[in-house]
Amino acid sequence: MTKPPGKFLPLVAALLCGAVLAQAATPSDHSVTSAAAPVSPSSSHGTLGTSATSKRGEPSAVKRPTQSAVKPAVAKPPADDWNLAAHGKVLYLTFDDGPQHEWTPKVLQVLRKHKAQATFFVLGIQVAQYPDLVAAERAAGHQVGNHTWDHKTLTLLPDAKVRQEIATGVKSKCLRPPTGATNAKIAAIAAAYHQRQVLWDVDTKDWEKPGAAQIEHAIMAGARPGAIILMHDGGGNRSQTVAALDRALTKLSKLGYTYRALPC
């Protein structure tokens with residue numbers, strides 16, 4: 001190759017320098033494509049990688065809470081609902097004068113067999129003797145009401161003694177006065193202890209021990225939506241009550257009845 005004359009060297013150098021500068025100023029194909037092409041929704045960029053950040057440096061997408069951060073819902077206790085007839089074919093079975101070591105467990109067994117809830121109006125003197133039976137009643141989902149300390153007829157007592165009978169009975173929102181004997185004064189004293197008086201719609205008279213068939217007939221004859229049925233698990237031999245209860249619940253369940261505890 002012939003060496004160019006020396007006077008052309010500055011011109012050649014200037015041309016080469018201009019070519020280099022022009023090449024550097026032209027954007028590459030990769031940079032043009034990245035700036036112009038939209039991001040496909042199926043692209044993993046920005047979704048599986050590091051999350052994008054906002055101008056404040058915080059994640060622009062809200063993070064889902066972890067499982068440990070989610071608090072489980074807490075069931076609220078039901079409100080007192082004394083509109084008993086509003087729930088369809090529901091009966092309210094109640095048992096007085098217990099707990100008693102032989103018959104209360106047998107009543108509980110029959111209730112469990114028929115998936116029935118009930119309310120036990122207990123005597124304080126019996127609770128002191130058999131506290132485990134009251135605990136078993138509550139553990140099985142039944143309610144416990146106050147039947148006073150030792151079954152005195154409240155309407156025959158002075159006010160101070162009435163208060164003592166109620167106050168020494170089991171803690172509850174319900175009071176069943178013994179023998180159903182009550183008046184406005186008894187109701188007012190019970191209300192002062194935040195206890196509602198609860199009587200009954202159907203008296204099976206099982207305390208008379210008329211025979212299991214007669215007790216069963218009383219239950220069946222008195223059954224209607226919202227009815228409160230009086231029976232006993234204490235105060236004597238309750239074998240007739242247990243037998244009648246089992247037979248009656250078998251028939252009533254086939255008729256579509258269910259059995260709830262009172263809101264005590």
Side-chain angles (χ1 to χ4, degrees), residues 75 77-123 126-127 130 132-147 170 172-176 196 198-207 209-264:
D80 291 353
D81 182 3
W82 286 96
N83 190 10
L84 304 183
H87 304 292
K89 300 181 75 172
V90 176
L91 295 176
Y92 297 86
L93 309 172
T94 65
F95 300 88
D96 286 10
D97 297 352
Q100 199 272 348
H101 70 282
E102 182 176 2
W103 303 112
T104 300
K106 292 182 179 181
V107 169
L108 288 172
Q109 183 178 12
V110 173
L111 294 174
R112 182 168 57 251
K113 172 183 175 181
H114 295 280
K115 298 180 174 60
Q117 301 300 307
T119 306
F120 290 84
F121 286 94
V122 299
L123 296 171
Q126 294 294 112
V127 173
Y130 303 110
D132 291 347
L133 287 177
V134 176
E137 291 167 353
R138 288 183 167 134
H142 306 296
Q143 290 284 4
V144 176
N146 184 6
H147 200 36
V170 71
S172 176
K173 293 187 291 184
C174 300
L175 169 71
R176 174 167 283 172
R196 178 191 184 109
V198 180
L199 299 179
W200 53 84
D201 300 301
V202 180
D203 185 356
T204 63
K205 296 187 178 181
D206 61 340
W207 49 274
K209 301 177 184 176
Q214 186 60 37
I215 298 170
E216 177 189 352
H217 174 76
I219 297 171
M220 298 298 299
R224 64 181 183 274
I228 299 175
I229 299 177
L230 169 64
M231 291 169 280
H232 295 77
D233 64 320
N237 185 313
R238 298 303 172 204
S239 58
Q240 295 179 7
T241 301
V242 172
L245 178 67
D246 189 19
R247 297 203 296 253
L249 294 189
T250 298
K251 296 176 181 178
L252 290 167
S253 295
K254 291 179 180 178
L255 295 175
Y257 278 97
T258 58
Y259 319 95
R260 296 185 187 177
L262 293 166
C264 293

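What's counted below: heavy atoms across the whole structure, side chains too, no hydrogens, waters or symmetry copies. It should be emphasised that the depicted structure is a prediction, and the values quoted were computed from it without experimental measurement.
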Taking it one step at a time, do I219 and M231 satisfy side-chain contact (heavy atoms from CB on, under 4.5 Å)?
-> CA-CA 9 Å; I219 297 171; M231 291 169 280; 3.8 Å; yes
Pair I228-L262, side-chain contact (heavy atoms from CB on, under 4.5 Å): steps then yes or no | CA-CA 9 Å; I228 299 175; L262 293 166; 4.1 Å; yes
Just do the side-chain contact (heavy atoms from CB on, under 4.5 Å) check on T204 and I229 with the steps written out, would you?
-> CA-CA 7 Å; T204 63; I229 299 177; 3.8 Å; yes
Given side-chain contact (heavy atoms from CB on, under 4.5 Å), test L111 with L245 step by step and report yes or no.
-> CA-CA 9 Å; L111 294 174; L245 178 67; 4.3 Å; yes
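Atom CG in D246 sits 9.0 Å away from atom CD in Q109 (nearest 0.5 Å). Atom CG of residue L175 and atom CG of residue N146 lie 5.0 Å apart, to the nearest 0.5 angstrom. Put simply, NE2 on H87 and CZ on R260 are 5.5 Å apart, with the number rounded to the nearest 0.5 Å. In this structure, D132 CG and H101 NE2 are separated by 14.0 Å, a value rounded to the nearest 0.5 Å. Expressed to the nearest 0.5 Å, how far NE2 of H232 lies from NZ of K205 amounts to 12.5 Å. Atom-to-atom distance recorded for H114:NE2 and T258:OG1 is 14.0 Å, nearest 0.5 angstrom.
No side-chain heavy atom of K89 sits under 4.5 Å from any side-chain heavy atom of R224. Looking only at side-chain heavy atoms (C-beta outward), T104 and L108 come within less than 4.5 Å of each other. In this structure, T94 and R176 have side chains that are in contact, with non-hydrogen atoms separated by less than 4.5 Å. Residues V198 and Y92 are not in side-chain contact: their nearest non-hydrogen atoms beyond the backbone lie 4.5 Å or more apart. R238 has its side chain within reach of K209: a pair of non-hydrogen atoms, C-beta onward, lies under 4.5 Å apart. For the pair L252/L91, a side-chain contact is recorded, criterion being any heavy-atom separation below 4.5 Å from C-beta on. The side-chain heavy atoms of V242 and K106, taken from C-beta on, include a pair separated by under 4.5 Å. Side-chain atoms of T119 and F121, non-hydrogen and from C-beta on, do get closer than 4.5 Å to each other.
Checking side-chain atoms of T241 against main-chain N and O of D206 turns up no donor-acceptor pair under 3.5 Å. No donor-acceptor distance shorter than 3.5 angstrom exists from the side chain of Q126 to the backbone of G98, with no hydrogens or angles considered.
For E102, the CD atom counts as densely surrounded, since its 6.0 Å shell holds more than 12 non-hydrogen atoms of other residues, nucleotides or ligands.
Taking every heavy atom of both residues into account, Q100 and P105 meet most closely at O-CD, 3.4 Å. Considering all non-hydrogen atoms of both residues, A261 and G141 come closest at CB-O, 4.5 Å. Between L133 and P99, the shortest heavy-atom distance links the atoms CB-CB, 3.7 Å. Contact detail for Y257 and V90: the closest heavy-atom pair is CD2-N, 4.2 Å. Closest approach of C264 and Q143 over heavy atoms only: C-OE1, 3.6 Å. Contact between A243 and A212 at its shortest, heavy atoms only, is CB-CB, 4.1 Å.
Taking the six-membered ring where tryptophan is involved, the planes of F95 and F120 are essentially parallel, since the angle between them stays under 30° and well short of 60°.
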